[in-house]
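Both backbone and side-chain heavy atoms feed into the values below; hydrogens, waters and symmetry mates do not.
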Amino acid sequence: MTLDKTTNGLLNGASALALAVSLATGAASAADVEADADFALTEIEEISVTATRGPSDVFSFPGSVSVISRDEIESRITASISEIFAQTPGVQFTGGPRRTGEVPALRGISGEGVLVLFDGVRQNFLSGHDGRFFIEPDLLRAAEVVRGPGSALYGSSALGGVIAFETVTANDLLEDDAQFGFRVKAGFQGLNDEWMTGGTLFGTTASGKTGGLASFTFRNSGDINVARGADLQGDDEIASGLVKINSQITEDLKIDASWLRFNNDALEPNNGQGISTGDLVRKDIESESWRARVNYNPESDLIDLGVIGYINNSRVDEAELDTTREISREVETAGFVIDNRSTVALGEGSSVIFTYGAEYYKDEQVGLDNTTTDGTRGGVPDATAETFGAFIQADIGIETSAGTFRIIPAIRYDDFDNSSDQNPDLNTSDNATSPKIGLSYAPTDWLLLYGNYSEAFRAPSFNEIFADNIHFTIPLGPFVQAPNFFVPNLDLRPESAKAYEFGAGLTFENIAYDGDQLVIKGSYFENDVTNLIDLEVNVEFSPACFVPNFPGVCTSGTSRNVNTARAQLDGFEIEGQYSSDYLFLSAAYSTIDGRDKDSDDFVGVLVPDRLQLVTEVKMPERDLRLGLRAEFAGAFDKVNDPAEVRESYEIVDTYLVWQPSEGALQGWRFDVGMNNIFNTNAVRTFAGVPGPNRNLRATVSWTSSF
């Protein structure tokens, strides 16, 4: 588990549950908690709002959760989402280093098996080469990762876990007793000659009951330098915007709304994960999200009601430079989530928080291709998917003379339908039930033991069910082209998983100095996945390809998605952190293996054994922090093709943060760093795809409130 390096005095046992209870009954979100906290770097408790759908202490949670703070995101000088999780065990990004090539994997599961949320809004746009994270890192206030199946609360797509982002709020930037403010920011990185500029306005009314924020960021970059070989074509022109409004209507009723937009005009190969610089396309990526939330929290332990409604639209248009072909994929997701938290006392030192609710969302996809006879795009069917889910969870804390127990059972039911917009006779429906139970036990105030068992599923997508039109074409001569066609498969079953995890944690305070802390937490996990969905390609030429005037047309077979393998993914993760007013140390180790139970072939998104280290020296009297980050990866030989074996590597980064707390430069922040200072060729994704070059990066910002 990754713990925020600003954490000090993590709660244990009953005190942890007590905090969660008080937060839930106060209708607090993570943003509210952080906004009201004293931001001394060693005094922030780490709270997750994703693991249990409500504020929850991370350390006592019976599972693996990572929370990355805004300060850590800034100190990494992040230009892409993958960099946020560079030190998080169990998280891997395949593809890259282009932004559109980055695909997340959690404990070996990727693609539609990883649920992504922006402020609680599902991000269901997914394609092979167009990216997944249409958001600017500078707009984020926190990122969370729940590793391991999460269908008991989130339904489909949480087979591997959940990645959730919260965007910045006015309270994150306003100083105490201030009403209005602004922030301007600029940055540069040498890897791709990228310049970044941004500006934010924020404020509240005199009463403090209504506030808002408007933030815009722009990036412009060129080709990407790699450690070995020619530069990668990767021109990007990015514009991002966020507008938020919140209002405390009454003491019991609070509403907020937001608009989030991301535009990227990119010039790169169609496959953003590849190293080829040929067959360039102009990609126009647009994503826009409208969201509104209502929270009703009267003076009652039984009511803490939240409702989120949203519409999210993402579209990628691609124009090939060497031909007249133009293709596009557009996905619109509309939905709502309603949940309530009820707290019931069980006696002195014990209580239970019930979280229950329902969710509905609808995905509509349109695929276009100007080279097909009907204008539709192969593999991107015009289709609709609807999902309804209902869930309930109990977070039980029991304090006894033998220690403190935390028990979290949960279950969710989902019903989902898929239909083809082009052929009303093609439709499917199915349902799934996803239970989970977790238990943690703290016999002392420094020791934690925990375990969990869960079942999860991933519904087949309309792309997999209704795939149609041409998949690829095989040339058989100067005048003969043999197309291979996608064919639908209405019999696809959901991927399903049964997983368990066991772990332990230690936390000690006041070890060498007053206020210092050592935290260690590790776990072993195993995830058995069945009905894995894979693409089956049958190449079989029709007689018309070889016999002149033979009836019919020349084809080279069909492709369809089918349920195939049974897989077992297992691994081990452990992390330890030491923090004091003057020093921060972190070490994390992770390993994973994945096998097909029938063939014993390797399956899943596997990575080498990795050790990640961080050393940071703090100089509070100078408002300065200086750090080193290092990643050591062993040779990667968990492959079925010997040509995919990758060598071991070592990456070392350095960074410096200066944030004056007084004087003429108060409100300014300076971040400078050098990634891969030894210019190591770290082949992280695929054999033959070199890693990024040495990269000097810097940002400067000025925040002022009045």
*Option passing salt bridge (Lys or Arg N to Asp or Glu O under 4.0 Å) with Arg315 (candidates Glu364, Glu332, Glu330, Glu286)*: Glu330
Check [Y] with [X], please: is the shortest side-chain N to carboxylate O separation under 4.0 Å?
| X | Y | answer |
| --- | --- | --- |
| Asp363 | Arg122 | no |
| Arg566 | Asp528 | no |
| Glu166 | Arg141 | yes |
| Glu83 | Arg76 | no |

Of all residues at least two apart in sequence or in a different chain, which pass the side chain to side chain donor-acceptor pair (under 3.5 Å) check with [X]?
| X | answer |
| --- | --- |
| Asp637 | none |
| Ser434 | none |
| Arg595 | none |
| Asp417 | none |

*With sequence neighbours excluded, give me every side-chain hydrogen bond (donor to acceptor under 3.5 Å, both in side chains) pair touching residues 151-161.*
none
*Supply the atom-to-atom distance Thr100 OG1 to Glu318 CD, rounded to the nearest 0.5 angstrom.*
9.0 Å
_For Phe457 and Phe416, take the angle between the two ring planes, folded into 0 to 90°, and tell me which bin it lands in: parallel under 30, tilted 30 to 60, perpendicular over 60._
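The rings of Phe457 and Phe416 lie parallel, inter-plane angle below 30°.
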*Just say parallel, tilted or perpendicular for the rings of Phe165 and Phe118, cut-offs at 30° and 60°.*
perpendicular
*Considering residues, nucleotides and ligands other than Lys597, do more than 12 of their heavy atoms fall under 6.0 Å from its NZ?*
yes
_salt bridge (charged side-chain N to carboxylate O under 4.0 Å, His left out) against Asp119, all qualifying residues, sequence neighbours excluded_ =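 Salt bridge (charged side-chain N to carboxylate O under 4.0 Å, His left out) check on Asp119 returns Lys244.
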*Sequence neighbours left out, what passes salt bridge (charged side-chain N to carboxylate O under 4.0 Å, His left out) with Lys362? Give chain and number order.*
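Salt bridge (charged side-chain N to carboxylate O under 4.0 Å, His left out) check on Lys362 returns nothing, list empty.
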Going by atom types alone, do [X] and [Y] pair a side-chain donor with an acceptor below 3.5 Å?
| X | Y | answer |
| --- | --- | --- |
| Asp570 | Gln568 | yes |
| Glu536 | Asn489 | no |
| Thr376 | Asn469 | yes |
| Asp421 | Thr384 | yes |
| Ser496 | Thr530 | yes |

Look only at the side chain of [X] and the backbone of [Y], and say whether a donor-acceptor pair between them is shorter than 3.5 Å.
| X | Y | answer |
| --- | --- | --- |
| Thr591 | Phe572 | no |
| Glu495 | Ile533 | yes |
| Ser599 | Asp596 | no |

*Sequence neighbours excluded - salt bridge (Lys or Arg N to Asp or Glu O under 4.0 Å) pairs with any residue from residues 107-116*: Arg107-Glu501, Arg107-Glu573, Glu112-Arg458
Applying ring-ring contact (aromatic ring centres under 6.0 Å, His included), name anything that partners [X], two or more places apart in sequence or on another chain.
| X | value |
| --- | --- |
| Phe486 | His471 |
| Phe525 | none |
| Phe391 | none |
| Tyr453 | none |

